[in-house]
Number of protein chains: 2
Amino acid sequence: MSEITAGTPQLLRRVNAEAILLVMRSTTAVTVTELIEATGLTRATVIAVCEDLEQRGWVRELPNQRDFGGYQKGRPARRFELNERAGYVLGVDVGVAKTTVVVADLRGTLQGRASQPFRSAEIPATERIEVIDRTAIAALEDAGASPQDVMSVCVGIAAPVDRKGDVLVTQSFWGKFDVGLRSALTDLHGWNVLLENDANLAALGERWRGSAVGIDDVVVILASERFGSGVIEDGRLLRGSGGGFGEMAYLDLVEGVGDPFGIASLARRWAAEALASPAKTTLRPSAPGTEVEAEDVFAAAAAGDAVALAILDRLSDRVARVVATVSTMVNPELVVIGGGVAKSAGVLLESVAERLPQLTATPPRLAASPLGDAIVTVGAVRRALDHVEANWLEMEPAAAS
Amino acid sequence: MSEITAGTPQLLRRVNAEAILLVMRSTTAVTVTELIEATGLTRATVIAVCEDLEQRGWVRELPNQRDFGGYQKGRPARRFELNERAGYVLGVDVGVAKTTVVVADLRGTLQGRASQPFRSAEIPATERIEVIDRTAIAALEDAGASPQDVMSVCVGIAAPVDRKGDVLVTQSFWGKFDVGLRSALTDLHGWNVLLENDANLAALGERWRGSAVGIDDVVVILASERFGSGVIEDGRLLRGSGGGFGEMAYLDLVEGVGDPFGIASLARRWAAEALASPAKTTLRPSAPGTEVEAEDVFAAAAAGDAVALAILDRLSDRVARVVATVSTMVNPELVVIGGGVAKSAGVLLESVAERLPQLTATPPRLAASPLGDAIVTVGAVRRALDHVEANWLEMEPAAAS
DNA sequence: AACATTTTATATAGGTTCTAAATTTAGTTC
DNA sequence: GAACTAAATTTAGAACCTATATAAAATGTT
């Protein structure tokens, strides 16, 4: 059936080392005494583990400085700290038009970033891979890190990805492309590459550094051009058998299967329809020659424009039905709306929240994502860090610079 | 943040004992050599653990019998076996009209059962609890077990239950009743009582002994009088923040919020409507004076009756939309239809399966539950056993009889 | 400057648990 | 009874932990 894990004495050291790394991950310098309190281990054990980890490169000892904030009595404590430069992770966002790569250290602090557009949406896979690779190298240079220092890479794409990292939709162009990307990056640099759905990464990102910190049951909906969601239940990301958990393309509430139908798309379309026939409205594109965007609609609605308010009403209804469907089935504590429109969608969310109690027995709290465009890369970094932290002791830290 | 678990040397023994119990749980008598292969431990260790477990009462050693199937060379092996009578678990199904209690040993083998009707649907909570308690005692007598031998009790009810075992819907009569039941059974017999949603238990049951064995991503829909589902993802039961994961009462596809609307209810209603106006049909109640039931509709449809076929068509459409919605969002490998109608619903399922590809990008396999009315109690037994197995070494085995 | 106080570090002894290798045991086979 | 074989037992050794005693490094006091 499942794996049986038997324990040798070395397992103990492993467990304890991981416990100590876990504490260090979320604090700055800690004294041995603090570690004793946090883990329940003996002083002798803690010191042994710390020195072990120091020798391996994961941890460094600080010189005794007791001159922070008042004096203390007694023998000065030894202080240890996670060596956040023991390795780096890459978070990659592959969009249709461009790709963004960020570099973070083991604390998740951003160390570098780079972004490059694709020449067009239909370039061949090899070129696309090449652009991504160049962007990654540029981001590493920006961070002052070298490719050997990369311990894990997570790539977010707009397609379902199953637990093994394979892409579900084989008929789409993603199928070939992504397998190619994974093996290309592995072959070129020896990197460990994790492929993930973008909405799933958005969920991880929100729970790490967004509006869902500390919340174990949350749904994050990427709502700009199309609706896609990432679901976290009891702190775990859900994927489903083929990576399709949280998809909503075929839901009954959708008109025109497969069409783009997110908030931004709908606002654009409905605004164009409204302006096609003459009407008394202040609604117009923010820049001449462009289309009316969702932000323009929100702004006009806030100013009391009737046409904009009507569009806002339709949007609220649509979004409320999406949120209600997912809330009924998934019963999250919080639903976060993410994607490009999120920053200006405050008015929309209020109106959506009002409608929810009629549409579901379990209305969740609602929030807009504060992460903006970085939502996918932040989640990708978190996912890559998760992988490193799950395999701390199997990995080799980078050579000290 | 989360719990830090540090390891003392005793942890090892614990881990290894659990590994060995896990092997024994799913086999009959095993030799030490087999355990060595299964766990990777040394002979000395395995023997030490087995003797430890034997002394605690979890395991018994068998007399050397090598006369099963041909002879073997060498010194006869010692053989150990899980003591399945080290304790019992209770699986309880509390319905509106009656309650059923089954008793199982630690292997999950049924040892006894009892069922009793409630006097009416609106009896006071205390009477309801009393009936359940009497049924439990009767089931234990049937099994030849005593209340002290019960290691865990799981109770299935038709209401959402959160992870702590609290009931979500406080306004319904369940709220007061269930808290009462838990504490009553604990106070009376010292039992550990786990409350669970019935559809969730159905999911556990199907994955254990139904049509979802070995499948890690499955949705089980209880579909008779109303739709409710239990969702298992990557082998874990999902609950959501308030226990409402898998609810579908408010989904758009429902007419008449809160009304009963499962397959049985709909078939009954639509058949009555069809018979109200004169029509050429063979459809009639199987017993005089009763209503036309879903089984009658299925039977008439199989015989080619046009009215029945029309009802079947409407039912298929309804069920297909329910299955499609859940499949789009949850992407299971398999969807199981359970509840009273399941056994006769073969025709229905075929017709539903045909419609799915148009309604979702990720159509799952479909199956009917083979568990019949036992679906909830089977799941309840599984849930209770899970609890025992998760806490094996903290519990005291029952005194040998 | 000597000494107490406080906190931490180190050393030593003791216990649990595992592995590994040598030895013994309990059967079958001839 | 001797040879054979697979398993059990014994013995030595190692990793890891705890607990306790002792030493060290600072501050403060007399």
Side-chain angles (χ1 to χ4, degrees), chain A residues 4-21 23 29-56 59 61-81 393, chain B residues 4-21 23 29-56 59 61-81 393:
Chain A
I4 306 277
T5 36
T8 84
Q10 289 83 328
L11 176 67
L12 280 185
R13 174 52 61 92
R14 213 200 128 97
V15 166
N16 291 334
E18 271 164 5
I20 283 178
L21 279 172
V23 176
V30 276
T31 67
V32 173
T33 307
E34 284 163 356
L35 287 172
I36 290 170
E37 283 164 9
T39 61
L41 294 168
T42 320
R43 170 160 254 113
T45 306
V46 170
I47 289 180
V49 170
C50 284
E51 286 176 346
D52 217 50
L53 290 172
E54 187 183 12
Q55 209 163 30
R56 293 212 209 180
V59 156
E61 184 168 2
L62 298 176
N64 287 351
Q65 325 162 286
R66 59 166 38 175
D67 37 306
F68 39 56
Y71 74 96
Q72 296 157 277
K73 306 177 209 166
R75 179 172 175 168
R78 293 176 72 174
R79 286 159 67 238
F80 293 89
E81 191 178 50
L393 303 179
Chain B
I4 304 279
T5 37
T8 83
Q10 289 83 330
L11 175 68
L12 278 184
R13 175 50 64 91
R14 212 201 129 96
V15 166
N16 290 334
E18 272 164 6
I20 282 178
L21 279 172
V23 176
V30 276
T31 66
V32 172
T33 307
E34 285 163 355
L35 287 172
I36 290 170
E37 283 162 10
T39 60
L41 295 168
T42 320
R43 170 161 255 112
T45 306
V46 170
I47 289 179
V49 170
C50 284
E51 286 176 346
D52 218 50
L53 290 172
E54 187 183 13
Q55 208 162 29
R56 294 212 210 179
V59 156
E61 183 167 3
L62 298 175
N64 288 352
Q65 323 163 288
R66 60 166 39 177
D67 37 305
F68 38 56
Y71 73 97
Q72 294 157 276
K73 306 176 205 165
R75 179 171 175 172
R78 293 174 72 174
R79 287 158 67 237
F80 293 90
E81 191 178 50
L393 302 180

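Lettering follows sequence order; numbering is per chain, from 1.
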- Note on the structure: With sugar-phosphate taken as primed atoms, P, OP1 and OP2 and all else as base, the protein-contact string of nucleotides 3-10 of chain C at under 4.0 Å (heavy atoms; B, S, -) is ---BBBBB

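Side-chain N or O atoms of A:Thr31 include one that pairs as donor or acceptor with a backbone N or O of A:Glu34 at under 3.5 Å.
Pairs passing the side chain to side chain donor-acceptor pair (under 3.5 Å) check and including a residue from residues 8-18 of chain A, sequence neighbours excluded, read A:Thr8-A:Gln10, A:Arg14-A:Glu18, A:Arg14-A:Glu394.
Applying the side chain to side chain contact (heavy atoms under 4.5 Å, CB included) criterion to B:Ala29, with sequence neighbours excluded, gives B:Leu62, B:Arg79, B:Glu81. Scanning for salt bridge (charged side-chain N to carboxylate O under 4.0 Å, His left out) contacts around B:Glu37 gives an empty result, with sequence neighbours left out. Scored by the side-chain hydrogen bond (donor to acceptor under 3.5 Å, both in side chains) test, B:Thr33 finds B:Arg43 as partners (sequence neighbours excluded). Take A:Arg56 and apply the side-chain hydrogen bond (donor to acceptor under 3.5 Å, both in side chains) test, not counting sequence neighbours, and it matches no residue.
Distance B:Leu35 CG to D:dA8 C1': 14 Å, rounded to the nearest Å.
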Check the interface with nucleotides 14-17 of chain D: list each N/O to N/O pair with the protein under 3.5 Å, or write none.
| unit_1 | atom_1 | unit_2 | atom_2 | d |
| --- | --- | --- | --- | --- |
| D:dC17 | OP1 | A:Asn16 | ND2 | 2.3 |
| D:dC17 | OP2 | A:Arg13 | NE | 3.3 |
| D:dC17 | OP2 | A:Arg13 | NH2 | 2.8 |

N/O donor-acceptor pairs under 3.5 Å from side chains in residues 47-55 of chain A, not counting sequence neighbours:
| unit_1 | atom_1 | unit_2 | atom_2 | d |
| --- | --- | --- | --- | --- |
| A:Glu51 | OE2 | A:Arg78 | NH1 | 3.0 |
| A:Glu51 | OE2 | A:Arg78 | NH2 | 3.0 |

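When side chains are defined from C-beta on, A:Leu393 counts as touching A:Leu21, because their heavy atoms get closer than 4.5 Å.
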